[in-house]
Colleague: 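Please read through the structure below; I'll follow up with questions.
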Amino acid sequence: MQRKFEIDDGFIAEQNRKLESWIYEDYEHLAKVLRRRQIDIEDLVTKAQSFRVAVPSWGLGTGGTRFARFPVLGEPRDIYEKLEDCATLLKLVRSTPGVSLHIPWDQPEDVNDLSSFARHRELSFEAMNSNTFQDHPDQRLSYKFGSLAHCDPGVRRQAIDHNIECIELGKQLGSKAHTVWIGDGGNFPGQQHFRKTLENYLESMREIYKALPDDWRIFIEHKFYEPAFYSTVINDWGTSYYCARELGPKAACLVDLGHHAPNVNIEMIVARLIQFGKLGGFHFNDSKYGDDDLDAGSIKPFQLFLIFNELVDAEQSNVPGFDPAYMLDQSHNITDPIESLALSAIEVTRAYIQAQLVDRLALAEAQDNCDAVLALSTVKQAFTTDVSSILAVARQRSGGALDPIATYRASGYRRAKAEERPTKIEATVGIV
Ligand code: LRH
Ligand code: MN
């Protein structure tokens, strides 16, 4: 059995030695700047080292659009190769031990074998994801017109059973949460009865809720459109919040950044869900127009920072039960997925650390004095502080790479995988 290529820790350390001097130069300078703000840089490194964001298994492959898909060479062909790539990502950035599976895309033949494969690579399984937005082989009833909210109780039953199977599999894999996103909706006015479809959905979710172990959570993921282009059953945070409250304490709302109309104030939605005790978690990504699933922090880094400003404010004011699950959910159409996930994990950690720099006493005072200029500049001071050296030192102290992209490229990992994983080019048969 030919040994699979892996990046070893020695190689990462060797690459780090080339970069160390100037990163520590920046680090010392930043330490001085922060000392003037009565901030100890070492506390921030510790926080950066403990920050975690989960990786979507479906993000290790190449994404596409309805127009085309351009597979990256050495693309993973099954869940084992996806986990290999997750292990490589973890070696480089150290903040991504959690992997979120999507069923049936990642349905394992041997659950125990998959568990030990992951364990040997320091990986664990985060929220499970069901899929009732596609018809799967040997499926009896179609999800063409919906699933959990479908007008046909037979289709709803089929979708409920699939979700319960996902939870059962997750229990064997050590997961503690289940995410339900459905594409149910209509393309034309009159196609769906808005109130009946929501009742259907709630009736189905109550069945699924019953199957949750006591220490599990179920996340409701809203989305304002696509694949339905006129109405979507779980279209916004208000509907998601209502359903989470209806279902019970184990239910909460998942905020996928790309699932909001352009210019929606997502950080305010986050503050609301924190205040209402129903913020379950995030699918971080970025977008310019629709659900573009671009790399987190690549288009609107200030929005990502403002979201973490709300999260850190809640963390520092010990909001009861505050424990959101952080996950990436992206589609890598033109980049190497490992590079995009590495950069995105770093950008999410950056937003978290920058949010730690907000002088919350000064901000509260400015807010109480209705001093908008001081309030804004207090927030902007944190956002405009370059914390790159803190993030790099934190990675290195955790055994990772000071410069993950340069180290990854120097390793030749992708080229090696292209050898190990010959891919067959699929002919596209027209617009999907
Ligand atoms: C829907 C979504 C959902 C996943 C899918 C891959 O747009 O964000 O979270 O199931 O992408
Ligand atoms: Mn998502």
Side-chain angles (χ1 to χ4, degrees), residues 53-66 69 76 79 82 98-107 125-136 143 146-149 159 162-163 165-167 169-170 175 177-185 201 205 208 217-229 232-237 239-240 244 252-262 264 266 269-270 273 279-296 304 307 324-333 337 340-341 344 348 432:
V53 60
V55 171
S57 64
W58 59 95
L60 277 303
T62 303
T65 71
R66 59 191 180 132
R69 198 178 80 89
I79 184 56
K82 289 177 186 175
V99 181
S100 198
L101 298 185
H102 218 299
I103 306 299
W105 296 339
D106 302 321
Q107 182 71 43
F125 295 108
E126 293 289 331
M128 302 294 287
N129 294 268
S130 57
N131 179 338
T132 60
F133 50 85
Q134 294 170 326
D135 287 345
H136 311 297
Y143 293 134
S147 61
L148 296 174
H162 166 67
N163 278 275
E165 281 155 24
C166 291
I167 293 169
L169 174 58
S175 173
H178 180 55
T179 298
V180 180
W181 171 72
I182 58 169
D184 295 26
Y201 169 83
M205 286 293 279
I208 298 168
R217 294 189 289 176
I218 189 162
F219 300 141
I220 298 172
E221 184 177 359
H222 60 274
K223 182 174 182 178
F224 74 118
Y225 90 108
E226 191 201 44
F229 292 110
T232 291
V233 176
I234 307 301
N235 62 321
D236 65 9
W237 77 274
T239 304
S240 173
C253 308
L254 184 141
V255 178
D256 183 313
L257 304 195
H259 290 187
H260 304 85
V264 163
I266 300 176
I269 293 173
V270 170
L273 290 172
L279 178 64
F282 290 86
H283 279 177
F284 293 116
N285 47 54
D286 214 332
S287 51
K288 184 85 176 147
Y289 306 102
D291 186 19
D292 310 339
D293 279 341
L294 298 172
D295 298 4
L304 185 61
I307 288 169
Y326 297 149
M327 291 173 272
L328 297 170
D329 178 5
Q330 301 174 178
S331 175
H332 308 116
N333 302 355
S340 277
L341 290 166
S344 303
V348 173
V432 176

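Read the numbers this way: they start at 1 and go in the same order the structure lists the ligands and their atoms.
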Colleague: Taking the side chain as C-beta and beyond, is there a heavy-atom pair between Leu101 and Leu169 under 4.5 Å?
Modeller: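 When only atoms from C-beta onward are counted, Leu169 and Leu101 do not touch, as no gap falls below 4.5 Å.
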Colleague: Which residues pass the salt bridge (charged side-chain N to carboxylate O under 4.0 Å, His left out) test with Asp295, sequence neighbours left out?
Modeller: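 Residues passing salt bridge (charged side-chain N to carboxylate O under 4.0 Å, His left out) with Asp295: none at all.
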Colleague: Could you tell me which residues satisfy ring-ring contact (aromatic ring centres under 6.0 Å, His included) with Phe284, sequence neighbours excluded, listed by chain and number?
Modeller: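 Once residues adjacent in sequence are excluded, the partners of Phe284 under the ring-ring contact (aromatic ring centres under 6.0 Å, His included) criterion are Phe282, Phe308, Tyr326.
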Colleague: Can you check the number of protein N/O/S atoms within less than 2.8 Å of the Mn ion (ligand 2)?
Modeller: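 For the Mn ion (ligand 2), protein nitrogen, oxygen or sulfur atoms under 2.8 Å: 4.
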Colleague: From the options Lys223, His102, Glu221, select the one whose nearest heavy atom is closest to atom 9 (O) of ligand 1.
Modeller: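 Considering heavy atoms of Lys223, His102, Glu221, the nearest to atom 9 (O) of ligand 1 sits in Glu221.
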Colleague: With atoms numbered from 1 as shown, which atoms in ligand 1 lie under 4.0 angstrom from a non-hydrogen atom of Asp291?
Modeller: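 Close to Asp291: 7 (O).
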Colleague: Listed by chain and number, what are the ring-ring contact (aromatic ring centres under 6.0 Å, His included) partners of His260, not counting sequence neighbours?
Modeller: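 With sequence neighbours excluded, His260 shows a ring-ring contact (aromatic ring centres under 6.0 Å, His included) to His222, given in chain and number order.
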Colleague: Give yes if a backbone or side-chain nitrogen or oxygen of Trp58 is under 3.5 Å from a nitrogen or oxygen of ligand 1, and no if not.
Modeller: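 By distance alone, the answer is no.
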Colleague: At the 4.0 Å heavy-atom cut-off, does His259 count as touching ligand 1?
Modeller: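 Under 4.0 Å: yes for His259.
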Colleague: Between Asp293 and ligand 1, find which residue part has any heavy-atom pair under 4.0 Å and reply side chain, backbone, both or neither.
Modeller: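 Neither; nothing of Asp293 gets under 4.0 Å from ligand 1.
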Colleague: Once rounded to the nearest 0.5 Å, what's the spacing between atom CD1 of Ile220 and atom OG1 of Thr239?
Modeller: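 These two atoms lie 10.0 Å from each other.
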Colleague: Numbering the atoms of ligand 1 from 1, which are under 4.0 Å from a heavy atom of Asp256?
Modeller: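 Heavy-atom distances to Asp256 below 4.0 Å select 8 (O).
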Colleague: So which heavy atom in the protein is nearest atom 2 (C) of ligand 1, and how far is it from that ligand atom?
Modeller: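 Scanning the protein heavy atoms, the shortest distance from atom 2 (C) of ligand 1 goes to Asp329 OD2, 3.5 Å.
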Colleague: Is there a side-chain contact between Leu257 and Ser287, using heavy atoms and a 4.5 Å cut-off?
Modeller: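 No; the side chains remain at least 4.5 Å from each other.
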Colleague: To the nearest 0.5 Å, what is the distance between CG on Leu279 and CZ on Phe219?
Modeller: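 Between atom CG of Leu279 and atom CZ of Phe219 there are 9.0 Å.
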Colleague: Using the six-membered ring wherever Trp is involved, compare the ring planes of His136 and Tyr143 and label them parallel, tilted or perpendicular (cut-offs 30° and 60°).
Modeller: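 The arrangement is perpendicular - the two ring planes meet at more than 60°.
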Colleague: Determine whether any heavy atom of Asn129 lies closer than 4.0 Å to an atom of ligand 1.
Modeller: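 Asn129 does not count as a contact of ligand 1 under the 4.0 Å cut-off.
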Colleague: Measure the OG-CD distance between Ser57 and Glu126 for me, rounded to the nearest 0.5 Å.
Modeller: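 Ser57 OG to Glu126 CD: 12.5 Å, rounded to 0.5 Å.
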Colleague: So do Val55 and Leu60 actually touch side chain to side chain, heavy atoms under 4.5 Å?
Modeller: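 The answer is yes, as the side chains (C-beta and beyond) meet within the 4.5 Å cut-off.
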Colleague: Looking only at heavy atoms, is any part of His283 under 4.0 Å from ligand 1, and if so is it the side chain, the backbone, or both, or is it neither?
Modeller: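 His283 to ligand 1: side-chain contact only, backbone stays beyond 4.0 Å.
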